[in-house]
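What follows is one structure encoded as structure tokens, with my remarks underneath.
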Amino acid sequence: MFYSEDIIEQVRTENDIVEVIGDYVKLTKKGSSYFGLCPFHNEKTPSFSVSPHKQMFYCFGCGEGGNVLTFLMKYENYSFTEAMEVLASRAGIALPKATNSKEEKKKQDLKNKIIEINTEAAKYFYHVLMSDSGRRARDYFATRKLDFETVTQFGLGYADKQRDDLYKYLKEKGYKDDELNETGLFTFDEKRGVNDKFFNRVMFPIMDPNNRVIAFGGRVMGDFKPKYLNSPETKVFDKSRSVYGLNIARKSRKGYFLVCEGYMDVIALHQVGFTNAVAALGTAFTNGHAQLLKRYVDEVVLTFDSDEAGTKAALRAIPYLRDAGLQIKVLNMDPYKDPDEFINAEGRDEYQKRIDAAENYFIFQVRTKMSEYRMEDPQEKTAFHKDVANMIVEFNDDIERQNYIEAVCKEFDIPKDGLEKLVRDKALTYTEGSKKTPEMKPHVTKKQKKEDASLSVQRFLLAYIIDDTRILGKLREYIEPADFTDDTYHKVAEIIWSQMDSDDFDPAAIMDSFMDEGEHKKVAALFVSPFGHEPDFEEREKTVNDAVRRIKKASLDEKAQSITDIAEMQKVIEQQKELRKINIKL
């Protein structure tokens, strides 16, 4: 949904950031700002600040920052549209309706109808579970040691033995066959009629991150096959992009997810307080799953079954998680098969110890590879070492590669010199075979150092202007947005200059122009005072003048490189000479 700048500004300005964040974080006023423990990373000393004047938040610990909209998007993992809707409702603002085409409206109406029917089905399954017909299913959950609160929290239910109960119930509710057919909950056959796809099964509603029922999983009561059955894919359910338990886990604030294989593992972990447990719906782990998890956390701990199938599943999942940029650890559950069995046998505290002791994914991969060899045989031992070298050479970063060499040699008693030589040989063979030059250690040139220093000065001056807008009027004679050579800082400068021209400076509005996460953090850092202390007048004036000179010089130097006209070049040279005369009085 597209919203105009005016409606975005109205929603933002009518939701005081201190009040909104105060609903999530305990804030204490210190000076002109409020401070509390950062909700985005673990800390014991408050470094999370909220400025009522700027209507901005910033964490000095992890660098997260933004306005009231971006806080809600980050904390609740809302999309921009969802955050707008929540804040608009909070402020009593009516948002404009979406103007979709007839075809788009038809598609959205169908999705809404499927979710509506699924919700009714979930209510029905829960009702049956609590009725006399559900006694056997309740007994099953009791044997799995699930309490009433957990059953209710996850909306668990029961599909009766009758094969058309749900169909009859939903028909009585007024739903049409073509609508019911889209849900995947029924089989339509000309000879046999309509039958429920789920019968004689305990039911697990599958919800999207926003708590909408998008599908179901069911476990059969008895020895029939298949033991577990999931809804087929529909307009609202994509198995490769759906994660069970994510609707609850995304609010856990633990900073990582426990990734399991099954529904009961997730539920058992949640019941004892591990509310960050999720599962990939019993299907092969995909890139879609990894990318979805990355939206919420930076680290995962794999808690797959400890049998051979679970080990293979973990090995298949690791590349997707690694490519998504997630840190990965693997939990050892021996001698138990899965988290549910472990929890019931050993309890929460022992499981926490296993989480704390979870090993790095690469060490797990090497350990698994070693189990394929008879290490007492020199020939097989050598082959194992070569396999390890092949695995290590896939790391592109020299430092990371070296760190893993040292870790593997220590863990598996491999001669370091020998493994390093193998890795070097493999790397050269690899790069020659792919017609690439061998990777070299990164070298920072004088030019790069100069560019980094230039960015630092640009960042300082913009932060100073935002902190004290009164100085902009004195700076404009010497500097303009075009002098900020960094793309992001150039855009920020343009917004500030434009706001000041219209006499409507609004720092929080600047964030609305930056949705990319990297840019967002970069811009948020500008809303912190550039001085780590209260500078005296002389220091402040000297620092500002120096920053203006350096920014202007870098801008003129860059301009000179592209000029071919002699007259223009002479003009730039004269401007460069004037730099030393800059003397801004604050």
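Keep in mind it's a predicted model, so treat the numbers as computed, not measured. Residues: numbered from 1 along the sequence shown.
Residues Arg12 and Leu87 form no side-chain contact, since every pair of their non-hydrogen atoms from C-beta on lies 4.5 Å or further apart. Residues Pro209 and Tyr296 meet the side-chain proximity criterion, which asks for heavy atoms closer than 4.5 Å. Considering only heavy atoms from C-beta on, Trp497 comes within 4.5 Å of Arg476 through its side chain. The shortest side-chain heavy-atom distance between Phe484 and Leu461 falls under the 4.5 Å cut-off. You'll find the side chain of Gln327 stays beyond 4.5 Å of the side chain of Val300, heavy atoms only. Put simply, the side chain of Phe80 reaches to within 4.5 Å of the side chain of Met73, judged on heavy atoms. Annotation: side chain of Phe304 is in contact with side chain of Val259 (closest heavy-atom distance under 4.5 Å). Considering only heavy atoms from C-beta on, Leu37 stays 4.5 Å or farther from Lys26 through its side chain.
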Item to complete: Check step by step if side-chain contact (heavy atoms from CB on, under 4.5 Å) holds for Ile318 and Phe285.
Response: CA-CA 9 Å; Ile318 285 171; Phe285 203 90; over 6 Å; no
Worksheet entry | Stepwise side-chain contact (heavy atoms from CB on, under 4.5 Å) check, Leu331 with Tyr351 | CA-CA 9 Å; Leu331 185 144; Tyr351 200 78; 4.0 Å; yes
Worksheet item: Would Glu406 and Gln402 count as a side-chain contact (heavy atoms from CB on, under 4.5 Å) if you check the C-alpha gap in whole Å, the side-chain angles of each, and the deciding distance to 0.1 Å?
Response: CA-CA 6 Å; Glu406 292 177 1; Gln402 188 61 37; 3.7 Å; yes
Worksheet item: After noting the C-alpha distance and the side-chain angles of Thr543 and Asp546, does the key distance pass the side-chain hydrogen bond (donor to acceptor under 3.5 Å, both in side chains) rule?
Response: CA-CA 5 Å; Thr543 307; Asp546 183 56; over 6 Å; no
Item to complete: Take Tyr244 and Val278 through the test side-chain contact (heavy atoms from CB on, under 4.5 Å) and record every step on the way to the result.
Response: CA-CA 5 Å; Tyr244 185 71; Val278 297; over 6 Å; no
Discussion item. Quick one, Gln352 with Asp356, criterion side-chain hydrogen bond (donor to acceptor under 3.5 Å, both in side chains). Give me CA distance, side-chain angles, the key distance, then yes/no.
Written reply: CA-CA 6 Å; Gln352 181 62 57; Asp356 296 338; 2.9 Å; yes
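Under a 3.5 Å cut-off, the side chain of Gln271 and the backbone N or O of Asp147 do form a donor-acceptor pair. One N or O on the side chain of His490 and one on the backbone of Pro481 form a donor-acceptor pair closer than 3.5 Å. Checked by atom type and distance alone, the side chain of Ser498 never pairs as donor or acceptor with a backbone atom of Glu494 at under 3.5 Å. Although no hydrogens or angles enter the test, the distance criterion places no donor-acceptor pair under 3.5 Å between the side chain of His270 and the main chain of Phe154. Without hydrogens or angle criteria, Arg241 side chain to Gly288 main chain gives no donor-acceptor distance under 3.5 Å. In this structure a side-chain-to-backbone donor-acceptor pair under 3.5 Å is missing from Thr150 to Leu146. With Thr13 contributing its side chain and Glu9 its backbone, the two residues share a donor-acceptor pair below 3.5 Å. A donor-acceptor pair is defined here as one N or O able to donate and one able to accept, closer than 3.5 Å; no such pair exists between the side chain of Asp483 and the backbone of Ile479. At least one donor-acceptor pair closer than 3.5 Å links the side chain of Gln55 to the backbone N or O of Pro52. Within the 3.5 Å criterion, the main-chain N or O of Ser32 finds no donor-acceptor partner in the side chain of His53.
Look at Glu359 and Lys329 and you find no salt bridge, because none of the NZ, NE, NH1 or NH2 atoms lies under 4.0 Å from a carboxylate O. Salt bridge status for Lys353 with Asp349: absent, with no side-chain N to carboxylate O gap under 4.0 Å. Salt-bridge annotation for Asp23 and Arg90: present, with a side-chain N of the basic residue lying under 4.0 Å from a carboxylate O of the acidic one. Using a 4.0 Å cut-off between charged nitrogen and carboxylate oxygen, Lys522 and Asp486 count as a salt-bridge pair.
What you find for Ser555 and Ala482 is that their closest heavy atoms are OG-O, 4.1 Å. The two residues Ala215 and Asn118 have their closest heavy-atom pair at N-ND2, 4.0 Å. Pro39 and Val25 get closest at one heavy-atom pair: CG-CG2, 3.8 Å. Annotation for Leu72 and Ala83: closest pair CD2-O, 4.1 Å, computed over non-hydrogen atoms. In plain terms, the two heavy atoms of Gly245 and Val266 that are nearest each other are CA-CG1, 4.4 Å. The shortest non-hydrogen separation linking His41 to Ser47 is CE1-OG, 4.1 Å.
Close placement of the Phe362 and Phe395 rings is indicated, their centers lying within 6.0 Å of each other. Ring pair Phe257/Phe274: centre-to-centre distance not below 6.0 Å. Taking the centre of each ring, Tyr34 and Phe48 stay at or above the 6.0 Å mark.
None of Phe71, Tyr58, Tyr24 except one satisfies the ring-ring contact (aromatic ring centres under 6.0 Å, His included) rule with Phe40; the exception is Phe71.
Heavy atoms of other residues, nucleotides or ligands lying less than 6.0 angstrom from NZ of Lys254 number more than 12. The environment of CG in Asn211 is crowded: more than 12 heavy-atom neighbours from other residues, nucleotides or ligands sit within 6.0 Å.
Taking CG of Asn67 as the start and CD1 of Ile8 as the end, the distance is 10.0 Å to the nearest 0.5 Å. One finds the CD atom of Glu299 at 12.5 Å from the CG atom of Leu293 (value rounded to the nearest 0.5 Å). Atoms CD and OG1, on Gln153 and Thr275 in that order, are 8.5 Å from each other to the nearest 0.5 Å. For the atom pair CG (Asp208) and CG (Asp238), the distance works out to 12.5 Å, reported to the nearest 0.5 Å. With rounding to the nearest 0.5 Å, the separation of CG in Leu246 from CG in Asn276 is 11.5 Å. Interatomic distance, Tyr263 OH to Asp265 CG, rounded to the nearest 0.5 Å: 12.0 Å.
A donor and an acceptor atom, one from each side chain of Asn112 and Gln108, are located under 3.5 Å apart. Looking at Glu82 and Asn210, their side chains do bring a donor and an acceptor atom within 3.5 Å of each other.
For Ala122, the side chain to side chain contact (heavy atoms under 4.5 Å, CB included) test picks out Pro205, Val213, Phe216, with sequence neighbours left out.
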